[in-house]
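All remarks here apply to the structure that follows.
Here the structure is a predicted model, which means the values were calculated and not measured. As the structure lists them, so they are numbered: ligands from 1, and atoms in each ligand from 1.
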Amino acid sequence: MADHPIDTPPRAPSPIHRFGTLAVHAGSPHDPTTGAVIEPISLSTTFAQTAVGKPVGQYEYSRSSNPNRVNFEKAVAALEHAKYALAFASGSATTAIILQSLAAGSHVVSVSDVYGGTHRYFTQVAKAHGVKVTFTPEIEVDIRDHITPETKLVWIETPSNPTLRLVDIRAVASQAHEHGIVVIVDNTFLSPYIQNPLDHGADIVVHSVTKYINGHSDVVMGVAAFNSDVMKERLSFLQNAIGAIPSAFDSWLAHRGLKTLHLRAREATTNATAVAKALEGSPHVISVNYPGLGSHPHRAIALKQHRNGMGGGMLSFRIKGGHAAAERFCQTTSLFTLAESLGGIESLIEVPSSMTHAGIPKEQREAVGVFDDLVRVSCGIEDAEDLKADVLQALEKAVVASKITNKFATNGNGHA
Ligand SMILES: *Cc1c(COP(=O)(O)O)cnc(C)c1O
């Protein structure tokens, strides 16, 4: 640190500090000229040079690097226990740049139930660059069967979207590393407060900053964090060369959001736990997917990988009464808004089979548990009791109403 005086704010947190302290202070120097406690938004696209090739500070042109993006990147690196972080225009741009860093002819092994946009990139874009992706639903079990001499990358999403299945990162990483394969974890659903994949053997952790890190549903952005100097060289070259970068304003907003991540993630977990328990106790629900529940099939992984075994703010459940009941449920809640996305302060609800995951063929969807009656819930930071009451009243209305409708539809003969 001593040889980078410009980078070192007077109040720089040290690695011994805990999450909340790092969230508030990492990458947050006081403005050296005015003393402003909060960094100014630096909108300038270019930076003066005192002689040819001698910029005043560390910046030259803002696609290559700018103060707000660098400060945000430092903060994410600190929270993910990484040496480096690089921010991009979206979570999807982050995925694209990592895939584009691979040589043509490379092979990727991915878990089956990845984010819909990641699935779309893997199946419809990567191919054009000569990169092939194999999907597997049980990556810990059969990763060795899928590895070829061309395999360069393993892609994990844990928890998965929208069924909240967990992957044992350490188990996959130790097998992948025997073959020199890089392991990436999409940590969007938990945020760095609940899970730090690099501590479990992953090489790169990626986030859609759009979700928990920004947390206020007003910025689209992505980030990747890692420790390797070689990766830093390669990925920052592509960050500049491709130019899929976030604006200074978005970087500033996302950094502001990140400062309260620990408070929001804790509250969202409290709320999701209350809602999951209420759903599990309801006669109108077939099953609940929430890694914070004792009934979750991968609860042991949550206890090992998540901070204090926390389940995060996301859950999904199957409602009785089929797709019609699922739709009606989402239109009957008053606090949960029917909308895509997740990880914001406000609670959201959606039906993956016809919204976020509509692009995946039905058989493939159902093979990984995304049935037509599955409802995905993102718990915000409202009061738990209010969210619980809203879910319970909507269940009554949706399931009872769909029973009546089904009766009419089948002349009282039973199932529609
Ligand atoms: C939203 C999301 C992405 C894509 O991020 P964008 O910022 O929307 O491009 C990737 N992975 C997961 C798990 C997501 O939820």
Salt-bridge criterion met for Glu150 and Lys132 (N-O under 4.0 Å): no
Aromatic plane relationship, His262 with Tyr193 - under 30° parallel, 30 to 60° tilted, over 60° perpendicular: tilted
List, for ligand 1, each N/O atom that has a protein N/O partner under 3.5 Å away, with both atom names and the distance.
residue	atom	partner	partner atom	Å
ligand 1	5 (O)	Ser208	OG	3.0
ligand 1	7 (O)	Gly91	N	2.9
ligand 1	7 (O)	Ser208	OG	2.8
ligand 1	7 (O)	Thr210	OG1	2.7
ligand 1	9 (O)	Gly91	N	3.2
ligand 1	9 (O)	Ser92	N	2.8
ligand 1	9 (O)	Ser92	OG	2.7
ligand 1	11 (N)	Asp186	OD2	2.7
ligand 1	15 (O)	Lys211	NZ	2.7

Can I get a per-line list of side-chain donor-acceptor pairs under 3.5 Å for residues 335-344, giving both atom names and the distance, sequence neighbours left out?
none

Lys259 vs Ser28, side chain to side chain contact (heavy atoms under 4.5 Å, CB included): CA-CA, chis, key distance, verdict: CA-CA 10 Å; Lys259 291 174 188 180; Ser28 295; 3.6 Å; yes
Carboxylate-amine/guanidinium contact Glu280 Lys277, below 4.0 Å: no
Salt-bridge contact Arg365-Asp113 (side-chain N to carboxylate O under 4.0 Å): no
